[in-house]
Amino acid sequence: MKIEVYTSVEEMKLSMVEDSISPVESLMQCLNLLDFYATLNKNNKLEKATNEGIEWIELKFKSE
Amino acid sequence: MISNEIRDSLKKICLALNNQHVEYLLIGGVVVGYYGFQRISGAGYSGRPEIKQDVDFWYRPTIENYLRLVTALDELNIETRELKNLVFDSKKTFLRIPFDTFKVEFLPNIAGIDSFIESYKSATQIELDDNKINIISCNDLLKTKRLLQEKLIRLTLRN
């Protein structure tokens, strides 16, 4: 097995091309991320939960 | 839920990392699943969701730890000649092992968190079939998603 070496995350994740994403896909991913934050905050029993991420998302939508 | 193939690889890799005293944290989709959220891996990058999951590690970016990592990869029968000739860069030495159905990646730094040591102190240790695995804390995992979050919101608003 041969290992590959890269000098950045961007180089390693070549598929990170913003233009390839459609409006529906980006919206779906946003909702997916909100779900992710909500789930992890709910399950974060060992540490003090933070909902900073979700509040930040709501503020950005209103201010744009 | 991870596949049996990934589970077996994870065990072997973590055993080798532990044997060589590599300082590492398991990050990414596998950990997201551990904390209770089943996501489609890869959806954040390509916009084309993929079912397959990758295994991502954050390793402490020091030359000593890098050399221990290379020794651990030797133990796993990974070809490391190139790594031994490489000039290690604590900011730029990203490694990927491409298995047939998934990839294993070792990153010297990750977006959203500055200090490996601080993150390491707050890590959670779990056991997988008698193997100890260091995983990033839930709070730190949330921090790593901030940049992805900002990017997705920019895209959504622009679209």
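Reminder, nothing fancy here: chain letters follow the sequence lines and each chain counts from 1.
Atom NZ of B:Lys11 is surrounded by more than 12 heavy atoms from other residues, nucleotides or ligands within 6.0 Å. Enclosure of atom CG in B:Asp114 is not indicated, since only 12 or fewer non-hydrogen atoms of other residues, nucleotides or ligands lie within 6.0 angstrom.
Across all their heavy atoms, A:Lys2 and B:Glu79 have their closest contact at CA-CB, 4.1 Å. Nearest heavy-atom pair across B:Arg96 and A:Ile3 is O-CG1, 3.4 Å.
Contact annotation for B:Phe99: both backbone and side-chain heavy atoms come within less than 4.5 Å of a heavy atom of chain A. Contacts of B:Leu76 with chain A are absent, with no heavy-atom separation under 4.5 Å from either backbone or side chain. Residue contact with chain A, scored on non-hydrogen atoms closer than 4.5 Å, is absent for B:Ile110.
Tracing side-chain contacts under 4.5 Å through hydrophobic residues (I, L, V, M, F, W, Y), one never reaches B:Leu15 starting from B:Val22; they form parts of separate clusters. Hydrophobic cluster membership is shared by B:Ile13 and B:Phe94, with clusters built from Ile, Leu, Val, Met, Phe, Trp and Tyr side chains linked at under 4.5 angstrom.
Here B:Lys92 is the residue among B:Glu82, B:Lys92, B:Arg81 with the most heavy-atom pairs under 4.5 Å with chain A.
Residue A:Tyr6 holds its OH atom at 10.5 Å from CG of B:Leu95, rounded to the nearest 0.5 Å. Within the model, atoms OG of A:Ser8 and CG of B:Asp89 stand 11.5 Å from one another, a figure rounded to the nearest 0.5 Å.
Using a 4.0 Å cut-off between charged nitrogen and carboxylate oxygen, B:Lys103 and A:Glu4 do not count as a salt-bridge pair.
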